[in-house]
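Any value given below was found using the heavy atoms of this structure, including those in side chains, with hydrogens, waters and symmetry copies removed. Both counts, for ligands and for their atoms, begin at 1 and track the order of listing.
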Amino acid sequence: MRLIPLKLAVIILTAGMGKRMHSDIPKTLHPLADKPLIGHVVDTAWQLDPAHVHIVYGFGGEQVRTTLNDKRLLWTEQAQQLGTGHAVQQVIPKISDDDMVLVLYGDVPLIQADTLKNLCAKATADSLAILTVNLANPLGYGRIVRNSLGQVLNITEEKDADAQTKQIQEVNTGILAVPAFRLRRWLNLLNNNNAQGEYYLTDIIGYAAQEGIAIHTHAPEDEHEVRGINDRIQLAELERYYQLQQAQQLMQQGVMLRDPARLDIRGQVTVGRDVVLDINVILAGQVTLGHRVKIGANVIIQNSQIGDDTEILPNSMIQDSVIGAHCKIGPFARLRPDNQLADQVHIGNFVEVKKSVVGVATKINHLSYVGDSIIGTGVNIGAGTITCNYDGVNKYQTIIGDHAFIGSDTQLVAPVTVGENATIGAGSTITQDTPAHSLTLSRAKQVTIPGWQRPTKQSSNK
Ligand code: UD1
Ligand code: CA
């Protein structure tokens with residue numbers, strides 16, 4: 001095998017209509033593991049270190065461009081979809097003769113960089129390489145037609161194939177590597193005299209064979225790499241395949257999954273040793289789980305770091321937060337963005353925490369809202385405590401000193417500071433700073449009215 005001899009120009013075709021999705025969203029923007037299909041392809045393309053990545057777009061191109069928001073990409077419109085050859089004709093003027101062209105499809109998301117590197121390594125200035133697979137059911141694909149010596153003669157599309165050609169199980173994935181100066185010439189020769197009246201890119205294979213140019217084939221590691229998405233059923237199937245792959249990777253890294261079929265990873269996960277994940281966990285964005293982290297059932301974690309030995313109990317949701325070691329979060333806890341929890345923090349059921357810093361060993365165990373707060377170490381926040389951080393227009397901060405004790409059902413009307421070691425009596429509405437080492441409470445005195453009678457029901461026919 002030779003190294004890639006020429007600069008690499010990747011062309012990603014995306015202009016097809018995608019009618020079978022029955023959607024207003026362009027097909028390539030439908031998500032696989034929360035990333036648009038075309039996002040997968042573009043990320044893989046950049047891994048090849050190409051000189052340029054071109055995208056040929058049709059309907060919804062503007063939407064695709066804004067979604068990808070990648071300034072390095074070069075865009076070419078194919079206003080009318082007259083076939084894959086026509087699509088490449090639109091972009092070829094932008095490509096230089098000393099490039100090696102690699103054609104990818106925007107709706108074939110799981111193609112792997114290694115497969116493409118191996119494919120490109122087979123293509124030279126004097127040869128081309130096509131990615132092919134053998135399918136038990138080749139229906140619908142272009143067939144790889146070979147002579148008795150096994151040399152590729154052409155690719156024949158399903159609709160143009162006779163009964164004998166339809167028997168061929170080796171099919172064209174659509175992905176190929178071809179030197180630009182040859183491609184440019186062959187594209188000029190294309191016509192649409194075929195069953196679909198389209199300009200087929202695949203016809204260049206026939207021209208190459210006639211000119212005696214070597215045509216190499218290469219097969220992907222796994223057939224799923226070249227699966228295209230045409231409808232939502234195929235999308236759902238590929239999502240399951242992809243999720244199982246990721247689950248297996250985690251298990252290979254030492255994670256215990258209670259059920260690999262009930263885990264969804266929609267981003268990148270970094271794990272320590274002996275992590276345990278219960279069922280129906282969703283990990284999204286960048287998630288880091290320390291050693292021995294335990295995640296209960298039905299937990300969603302997004303863009304967060306969880307420290308060693310921390311346990312997230314069932315039905316909790318954690319977003320954009322950093323959690324220390326030996327913490328206990330949940331069940332039914334909600335950490336909204338921008339929290340920083342130190343070690344040994346306990347956040348209990350029906351507690352919502354937002355944009356707060358919580359010190360070591362502080363406990364917020366029941367039914368509380370803590371927002372825009374800085375809470376010291378060893379603080380105990382009683383059940384039903386609310387930081388009133390919003391006056392309807394502005395947000396204000398609550399500061400609670402180390403070892404403070406906030407009695408149950410307290411409202412802390414921000415901006416307010418509770419001193420170190422201060423105690424707040426239950427049921428208080430605190431509107432002013434409270435001194436350290438003292439008890440503060442704001443509560444009407446309890447009174448008793450002896451012999452008080454409950455009201456009785458009045459008769460209604462009066
Ligand atoms: C194509 C191949 C076929 C191969 C199959 C693999 C041709 C003629 N046929 O067939 O050999 O087995 O892919 O899936 O190339 N596209 C455009 N502009 C167009 C037409 C298509 O950008 O005018 C894009 C589509 O968005 C898609 C890709 O090209 O990403 C393939 O188009 P599709 O219509 O799926 O090709 P097939 O007819 O299935
Ligand atoms: Ca297709």
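- Residue Ala87 has at least one heavy-atom neighbour below 4.0 Å for each of these atoms of ligand 1: 17 (C), 18 (N), 22 (O).
- Taking 4.0 Å as the cut-off between side-chain N and carboxylate O, Asp338 and Lys354 do not count as a salt-bridged pair.
- An N or O contact shorter than 3.5 Å is missing between Tyr141 and ligand 1 by distance.
- Summarising the contacts of atom 19 (C) of ligand 1 with Pro138, Gly18, Gly83, the nearest heavy atom is found in Gly83.
- Looking at Trp46 and Asp70, their side chains do bring a donor and an acceptor atom within 3.5 Å of each other.
- Residues Asp372 and Ser356 share a closest heavy-atom pair of N-OG, 3.5 Å.
- Residue contact check for ligand 1: Thr173 places a non-hydrogen atom closer than 4.0 Å to it.
- Using a non-hydrogen distance threshold of 4.0 Å, Gln78 registers as a contact of ligand 1.
- Interface of Tyr200 with ligand 1, defined as ligand atoms under 4.0 Å from a residue heavy atom, comprises 8 (C).
- Only backbone heavy atoms of Leu82 (N, CA, C or O) come within less than 4.0 Å of ligand 1; its side chain stays farther off.
- Of the N and O atoms on the side chains of Tyr369 and Asn389, at least one donor lies less than 3.5 Å from an acceptor on the other residue.
- For ligand 1, the polar-atom distance check finds an N/O of Gly16 within less than 3.5 Å of one of the ligand's N/O atoms.
- Taking any N or O of Glu157, backbone or side chain, at least one lies under 3.5 Å from an N or O belonging to ligand 1.
- Tyr242 has its ring centre less than 6.0 Å from the ring centre of His40.
- Geometrically, ligand 1 and Gly140 share no nitrogen or oxygen pair separated by less than 3.5 Å.
- Taking only nitrogen or oxygen atoms, main chain and side chain alike, Asn172 reaches within less than 3.5 Å of ligand 1.
- Nearest to atom 27 (C) of ligand 1 by heavy-atom distance, out of Val56, Asp107, Val103, is Asp107.
- Looking at ligand 1, you'll find an N or O of Tyr105 within less than 3.5 Å of one of its N or O atoms.
- Inclusion of Thr202 in the set of residues having an N or O under 3.5 Å from an N or O of ligand 1 is not warranted.
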**Request:** Start with the C-alpha gap between Gln90 and Gln78, add the side-chain angles, then the distance that decides, and say whether side-chain hydrogen bond (donor to acceptor under 3.5 Å, both in side chains) holds.
**Result:** CA-CA 6 Å; Gln90 307 313 300; Gln78 185 193 18; over 6 Å; no
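- In this structure, Thr310 contributes its side chain and Ile306 its backbone to no donor-acceptor pair below 3.5 Å.
- Judged by distance alone, the side chain of Thr173 and the main-chain N or O of Leu131 form a donor-acceptor pair under 3.5 Å.
- Applying the 4.0 Å criterion to heavy atoms of Gly142 picks out, from ligand 1, the atoms 3 (C), 4 (C), 11 (O), 12 (O).
- Checking Lys122 against His218 by side-chain atom types alone, a donor-acceptor pair falls below 3.5 Å.
- Each of the following atoms of ligand 1 lies closer than 4.0 Å to a heavy atom of Thr84: 7 (C), 8 (C), 15 (O), 20 (C), 21 (C), 29 (O), 31 (C).
- In the candidate list Val91, Ile130, Ile175, Leu13, Leu13 is nearest to atom 30 (O) of ligand 1, counting heavy atoms.
- In this structure, the side chains of Val88 and Leu13 come closer than 4.5 Å at one or more pairs of heavy atoms.
- Scanning all heavy atoms of the two residues, the minimum distance from Arg292 to Asp308 falls at NH2-CB, 4.3 Å.
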